[in-house]
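Here's the structure, in structure tokens; my notes come after.
Atoms within a ligand are numbered from 1 in the order they appear, just like the ligands themselves.
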Amino acid sequence: MIPYGRQDINEEDISAVVEVLKSDYLTQGPKVPEFERAIASFCHAKYSFATNSATSALHIACLALGVKQGDSVWTSPISFVASSNCALYCGATVDFIDIDINTGNICINALAMKLDQAQSNGSLPKVIICVHLAGQSCDMETIKDLTKKYNIAIIEDASHAIGASYMQKPVGCGQFSDITVFSFHPVKIVTSAEGGMALTNCPKLAKQIRLFRSHGITTDPGEMNQESHGPWYYQQIELGYNYRMTELQAALGLSQLQRLSSFIEQRNTLAKYYDNALKGSSLTPLIPNKTNLSAYHLYIVLLPSIACKQEQKVIHKNIVCELRARSIFAQIHYIPIHLQPYYQNLGFNEGSFPNAENYYSRTLSIPLYPKLSKKEQNYIINTLLDVVEKKGFKPVPTKLGA
Ligand SMILES: Cc1ncc(COP(=O)(O)O)c(C=O)c1O
């Protein structure tokens, strides 16, 4: 089976982890701060905090921004559930902004309309979490312009987008947001097995993120309400969590980071090959913004839209199943969050975000990872076109050699 994504581990990665295993520190040693400094420097951000997942980074990002009961947080319905669960963890309510079906990212017009409405009925959000789907940045400058008069904080869920750039600057630089979050899950661009990172340029947010990551505990005498009892002393000044990354994870992440640029290059080359091969077919890849660099965490194509919704769902399912039967593990990113039973129980209904639902009935992620061979890629393209053609859609005129 050809997976839709997979990690790329080399001998240096293995040695880096083994070296830590032989060292004095498995956790809370020098590798985590080294990893943090390396990412901050790569992204041109002032502060960065490694966590045990992007989910926990998103949670403490919300906490640091003061998200609490009575607040509302908006995000994209086309994301992994972690993008919205983080707000629920804080006791806030969640709402969604429908997507632009061409990019899969939040739709700027839908956001503008929703903000206008929310202003008139007093339901503006405290935070908007922008998800850079598949590695392509949202239009952050416009989002910042639309939200700044309302003083809404912005988190970039850049779980898919380390190594991407927006307006010639690395995603994570924080020019248009308060906090950016990366994921280092194995299918992502670089991995630390499990892991995440929260980046910010704001010293106040940095202080809060650091506290929430580790039990709300400080060893800084300047943050304590009484004189230190001695060199062992710490104080708990917030209700935090153990969301720390281990030294093993940081060593793997650091080693992987050496190859970030080449991973991005390889992913872009593979994506371009798919783009060319699928040109003129009935499949529509998500449209990249030519002036920005996508990290291409995923390669997503949309099936043609057909009038009958039920038929669309059946065709979509059959295509995914047939691809899997033919050893291509096509995946769906994502089931709209508002259609999950947990969210339906919170009051969301089918029909609330029509673009997201239309997208869901047509989307396919086909394999994309640095080690994908030309032979495998040709097999994927030919099989995909064959399967799609059988459903009565238009194939490309010539097929590729294996
Ligand atoms: C957009 C998005 N946000 C958040 C997460 C959560 O990442 P992690 O698995 O590192 O907690 C994921 C993971 O797939 C994701 O795709």
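- Atoms of ligand 1 found under 4.0 Å from any heavy atom of Ser79, numbered from 1 in the order shown, are 1 (C).
- Under a 4.0 Å N-O distance rule, the pair Glu141/Lys144 does not qualify as a salt bridge.
- In this structure, Phe35 has its ring center under 6.0 Å from that of Phe184.
- Applying the 4.0 Å criterion to heavy atoms of Gly195 picks out, from ligand 1, the atoms 10 (O).
- Under a cut-off of 6.0 angstrom, the local environment of NZ in Lys46 is sparse, with at most 12 non-hydrogen atoms contributed by other residues, nucleotides or ligands.
- You'll find the ring centres of His59 and Tyr241 inside the 6.0 Å limit.
- In the model, Glu238 has a side-chain atom that pairs as donor or acceptor with a side-chain atom of Gln208 under 3.5 Å.
- The shortest N or O to N or O distance between Leu58 and ligand 1 is not under 3.5 Å.
- Residue, atom and distance of the protein heavy atom nearest to atom 11 (O) of ligand 1 are Thr55 OG1, 2.5 Å.
- The shortest contact between atom 13 (C) of ligand 1 and any protein heavy atom is with Lys188 NZ, 3.1 Å.
- Atom 4 (C) of ligand 1 has its closest protein heavy atom at Ser159 OG, 3.3 Å.
- Checking His338 against Glu357 by side-chain atom types alone, a donor-acceptor pair falls below 3.5 Å.
- Glu223 has a carboxylate O that lies under 4.0 Å from a charged side-chain N of Arg210, or vice versa, which qualifies the two as a salt bridge.
- Polar contact check, Glu194 against ligand 1: no nitrogen or oxygen pair lies under 3.5 Å apart.
- The nearest protein atom to atom 12 (C) of ligand 1, hydrogens excluded, is given as Phe80 CD2, 3.7 Å; this is a heavy-atom distance.
- When each atom of ligand 1 is checked for a heavy atom of Ser183 under 4.0 Å away, the hits are 7 (O), 8 (P), 10 (O).
- Near His160, with a cut-off below 4.0 Å to any heavy atom, the atoms of ligand 1 are 1 (C), 15 (C), 16 (O).
- Heavy atoms of Tyr334 found under 4.0 angstrom from ligand 1 belong exclusively to the side chain.
- Of the heavy atoms in Asp157, only side-chain atoms (C-beta onward) come closer than 4.0 Å to ligand 1.
- Here Lys207 does not pair with Asp220 in a salt bridge; the nearest charged N to carboxylate O distance is not below 4.0 Å.
- Within the 4.0 Å heavy-atom criterion, both parts of Ala54, backbone and side chain, lie near ligand 1.
- A side-chain donor from one of Gln235 and Asn225 sits under 3.5 Å from a side-chain acceptor of the other.
- When each atom of ligand 1 is checked for a heavy atom of Ser83 under 4.0 Å away, the hits are 1 (C), 3 (N).
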